[in-house]
Novice: 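Here you go, one structure.
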Amino acid sequence: MMRNLILISLLASMPCVAVNPGFAVIGADTSSAWTTVLNSVGFQPAPLASAGVVVVKQGAACDPNCPTAAAVSNGLVLILEGSSATSAAFGFTPSGRTAPIRREVDERALSLLMIWQLAPATVPIFNVPSGTTVFSADYWSGAPLLVGKKMGSGAILWVATAPGPQTYDRYPYLFQAMSDLGVPFPFQARKLSAFLDYSYRANVDLDYFAAKWRASGLRAIHLSAWYFWDSTANDAWLQALIAACHRHGVLVYMWLELPHVSQGFWNANPQWREKNALLQDAQVYWRLLMNLQNPDCVNAIVAGLNSLLSRANWDGVNLAELYFESLEGTTDLAEFTPLNDNIRSGFQAQGGFDPADLFNAASSRYFAHDPNDLQTFLNYRASVVYQMQTDWIGRISALHATYPALDIVLTTVDDLYDPTARNLLGVDSARLLPLLNQYNFTFTIEDPAELWSLGPQRYPALAALYAPLTNQQNSLAVDINVVARPGITYPTLQQTGLELWQLMRLAGSAFHGVMFYSESSVFRQDFSLLGAASAQVTSYAPAATGMQVTAPNGVGVNWPGPAQVDGQLWPVKDGTYVWLPPGAHTIAPASADPAWLLLDLNADLVSAQVTNSGISFAYSSTSGAIAILNRQPNQVLVDGAAIAAQAVSNGAGGWALALPRGAHSVAVQ
Amino acid sequence: MRRLALVPLLLLAAPVFAQQDPAYGILTQAYAALDAGNYDAAISYFLQALPIDRDREDIREDLGYTYIKDGQDQAAMGPFQQVMDMAPANYQAALQYAFLAYEQQDNSDIAQARNIFLLVSQQTADPVSQATAETAFENVDGTLAANIAYYQLAVLLDPMDYTDHQLLADYAEQRSELTLAAQEFKIALDTGFASLYLDYARVLGKLGDVADQIQALESVVNSADPYTAEQARQQLAAMGQLPASGQ
């Protein structure tokens with residue numbers, strides 16, 4: 001079992017070459033499986049003659065256009081599926097034996113259970129040519145399933161079968177294998193946000209992580225605030241994290257989980273603890289809930305919030321899951337809230353009875369006897385949640401007077417696709433969405449657990465439910481929980497590899513913003529491809545000397561050399577990607593880079609140009625923005641006025657410059 | 001990062017070490033990679049250095065700390081576990097291992113962390129390590145005891161709440177109250193979740209009840225939950241109860 005795998009790390013050091021984004025499939029692409037797979041990291045359909053990636057399906061005849069070894073050596077990426085004349089020509093031949101495949105195991109994730117749907121599938125065992133790397137194999141028989149080889153400036157990948165019925169349920173790490181063979185991905189975006197739990201990263205190299213996050217497509221991290229609430233003991237770490245993130249172009253948001261405040265706040269204030277339906281102090285999962293209907297408790301939380309904001313250079317606040325989390329509703333009374341004194345007296349005045357009676361089996365109002373009284377309380381509870389969310393958005397918005405760049409996010413679980421959330425948690429999105437016209441914030445819809453097994457297509461369906469309820473489409477975002485899911489999902493319980501790429505891609509096409517939980521739960525082997533998967537390109541065509549690309553939100557295009565964009569020398573690029581503003585653009589080679597480069601911009605790029613003395617660009621951002629320049633600027637003009645902000649070296653050849661929130665034009669020299 | 005702080009001293013003493021240390025060359029590359037923040041390369045070099053001198057605790061510790069800097073906490077447990085096996089009195093490594101184990105959120109790891117904190121608090125002569133271990137043990141044990149009490153009351157008030165029975169079983173296993181854990185997992189089996197048989201089997205195994213452990217695993221080896229079935233199959237194969245082909 002997997003004894004003969006070659007160390008993949010040896011391949012990782014191979015030099016990268018620019019990739020042609022076009023792909024073609026030889027043979028019937030049943031259910032567009034390969035198209036879906038290749039689209040997930042940005043490859044675009046193209047005629048066979050101009051394709052940089054070619055798939056030869058099982059049994060497909062391709063004479064006289066069969067890809068040759070010479071074509072591969074010259075840069076073609078060839079994917080061979082099972083048995084075909086082309087597979088045989090490259091040395092993949094059936095052994096005559098078969099194996100029932102139930103579980104695939106990949107060298108980069110040996111302990112990860114990867115189960116094939118409809119398993120066991122009986123698959124021929126192939127002989128693989130020498131010099132190849134077996135990336136994945138059957139756990140029990142050792143039959144090779146995903147094999148690759150670097151050939152010149154191209155590569156071949158052989159897979160034992162077609163992609164599975166869902167298109168992502170076999171060979172989840174196909175693209176990691178491709179990357180190991182030195183094939184870069186055509187497009188890149190850096191607009192993702194991720195939750196970050198301090199406890200998982202307390203001892204890491206922060207500078208290294210900040211650079212990694214940005215390179216992997218992150219715009220912002222949302223840091224668990226409760227670890228910093230009770231004391232200043234961790235402030236040095238907090239300030240170091242934010243400084244490192246800003247140096248590398250990453251924003252840092254304060255992630256709140258009210259009614260949970262912190263362990264210390266819970267310990268110090270037993271009088272303000274929330275009560276569950278059993279009238280115990282409410283601890284629901286890891287959260288220690290406080291009574292947000294108690295004015296003294298709220299005042300103390302506001303004081304703590306102000307203290308924490310003043311101690312570090314935060315870019316925003318995320319009010320996450322601000323409701324009464326009880327996923328099992330009244331079937332788990334230990335987790336059903338709120339039954340604090342304020343709620344009980346408030347509801348009594350309105351509803352005419354103590355809601356605690358609903359959960360007292362001896363009471364005539366016991367919920368199991370009469371669901372109507374319970375529903376009356378659940379409606380009241382939903383109105384309390386609405387009021388809490390409105391109040392807290394208002395409180396954070398009021399902080400703009402002190403912190404003008406502070407961005408606001410409200411993360412709330414979906415209740416339109418899955419309406420049961422209203423009774424379970426008190427969420428009422430339809431009522432809340434009009435607040436987007438009153439306050440500037442991002443409404444982030446958390447993917448409910450009940451939908452996790454439904455596949456990536458749920459995101460367009462989810463977006464279609466929310467879009468009609470607001471005219472602030474750019475303020476809608478989705479939050480993907482990347483965690484082990486309940487129930488049976490294939491090929492893995494936690495989203496990884498191909499499934500994760502498809503999730504990111506479809507979520508990004510349906511919503512303006514995408515965030516995920518969490519920075520540490522995403523498997524290590526997945527992280528570096530997040531940016532490629534989240535790039536949205538709606539059309540691509542090869543041009544005489546370059547390419548035409550249309551991207552609705554702007555995109556990075558793999559283009560290692562100097563570039564002209566729309567006929568002008570282009571200054572927004574790093575060594576690997578040329579960064580384009582939204583819309584259709586043509587890229588062509590240039591003779592040399594300009595002296596000044598905008599290596600990275602954490603904001604929406606609107607335009608850019610090379611000037612006589614440097615560069616100028618325009619951007620917009622709901623938060624403060626960060627520009628990374630290749631030189632330390634002598635002068636920075638924002639909307640024509642010089643700013644005092646100093647660029648900070650990021651230690652990797654870049655100079656990070658903090659820029660204001662909003663829409664601005666910048667001139668650097 | 002006690003070991004990593006030694007890097008500059010090691011480099012200054014290069015001529016002496018170069019003659020005596022067969023792993024010197026590869027370690028020099030490891031520390032240079034470490035210094036450059038190239039953790040993948042540093043880890044690779046440390047792994048290459050290990051078989052050159054298998055008795056070196058310090059290489060394992062430095063490998064462990066490098067994994068931590070790289071955010072690979074689970075991987076870091078391996079080298080620290082090896083140091084604990086090689087040098088049971090290396091309480092610094094034991095504490096590091098215990099903190100990493102506690103972070104894994106796995107019942108067995110948390111139980112192991114709790115036991116190590118207790119052991120170190122009782123055995124180390126170093127007052128700092130003793131205080132650290134004592135505080136950690138009190139925090140872990142106190143939280144587990146409170147959670148067990150909370151869910152014991154919850155299942156008393158609502159005996160049909162199988163989620164709470166499962167949570168109670170988890171906390172009991174983490175606190176090494178294995179009889180209680182087995183009892184509560186057994187009740188939670190009524191939820192019909194096949195994966196709970198794996199938890200139940202694991203606790204039975206810790207109690208030394210191998211026959212019942214095998215029976216619990218066999219009861220889900222053909223489960224409709226393929227993840228549970230596959231794990232049961234793998235565990236039974238490791239116990240010699242299933243052919244190596246898994247069929």
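Just so we're clear, the structure is a prediction, and the values are computed from it rather than from any experiment.
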Novice: Test your reading of the model: is there a side-chain donor-acceptor pair from A:Arg524 to the backbone of B:Gln72, 3.5 Å cut-off?
Specialist: no
Novice: Given heavy-atom pairs under 4.5 angstrom as the criterion, report whether the side chain, backbone, both or neither of A:Phe209 touches chain B.
Specialist: side chain
Novice: Between A:Ile488 and B:Pro226, what is the shortest heavy-atom contact and its length?
Specialist: CG2-CD, 3.7 Å
Novice: From A:Thr489 OG1 over to B:Tyr227 OH, what is the distance, rounded to the nearest 0.5 angstrom?
Specialist: 5.0 Å
Novice: Answer with side chain, backbone, both or neither: which region of A:Gln283 has an atom nearer than 4.5 Å to a non-hydrogen atom of chain B?
Specialist: both
Novice: Looking only at heavy atoms, what is the nearest atom pair of B:Asp161 and A:Thr331, with distance?
Specialist: OD2-O, 3.8 Å
Novice: Which answer fits B:Asp225, side chain, backbone, both or neither, if we ask what part of it has an atom under 4.5 Å from a heavy atom of chain A?
Specialist: both
Novice: Is it true that the side chains of A:Asn203 and B:Tyr65 contain a donor and an acceptor less than 3.5 Å apart?
Specialist: no
Novice: With chain A, which of B:Ala154, B:Gly37, B:Gly71, B:Ser195 has the greatest number of heavy-atom pairs at distances under 4.5 Å?
Specialist: B:Gly71
Novice: Check each atom of A:Pro491 against the heavy atoms of chain B and say whether the ones under 4.5 Å are side chain, backbone, both or neither.
Specialist: backbone
Novice: B:Glu103 vs A:Ser199, test: side-chain hydrogen bond (donor to acceptor under 3.5 Å, both in side chains). Steps then yes/no.
Specialist: CA-CA 8 Å; B:Glu103 287 168 11; A:Ser199 66; over 6 Å; no
Novice: Within a 6.0 Å radius of atom OH on A:Tyr208, are there more than 12 heavy atoms belonging to other residues, nucleotides or ligands?
Specialist: yes
Novice: Who wins among B:Asp164, B:Asp40, B:Asp70, B:Leu157 for the most heavy-atom pairs under 4.5 Å with chain A?
Specialist: B:Asp70
Novice: Heavy-atom distances under 4.5 Å only: say whether A:Asp281 touches chain B with side chain, backbone, both or neither.
Specialist: backbone
Novice: Using heavy-atom distances under 4.5 Å, tell me whether B:Gln74 contacts chain A through its side chain, its backbone, both, or neither.
Specialist: neither
Novice: Chain A heavy atoms under 4.5 Å from B:Tyr150: which part of the residue, side chain, backbone, both or neither?
Specialist: both
Novice: Distance only, no hydrogens: is a donor on one side chain within 3.5 Å (strictly under) of an acceptor on the other, for B:Tyr39 and A:Asp205?
Specialist: yes
Novice: Compare every heavy atom of B:Glu230 with every heavy atom of A:Trp140, then report the nearest pair and how far apart it is.
Specialist: NE1-OE2, 2.6 Å
Novice: So which part of A:Leu493 gets closer than 4.5 Å to some heavy atom of chain B, the side chain, the backbone, both or neither?
Specialist: both
Novice: Measuring from A:Gln263:CD to B:Asn139:CG, what's the distance to the nearest 0.5 Å?
Specialist: 9.0 Å
Novice: Any donor-acceptor pair under 3.5 Å linking the side chain of A:Tyr200 with the backbone of B:Asp73?
Specialist: no
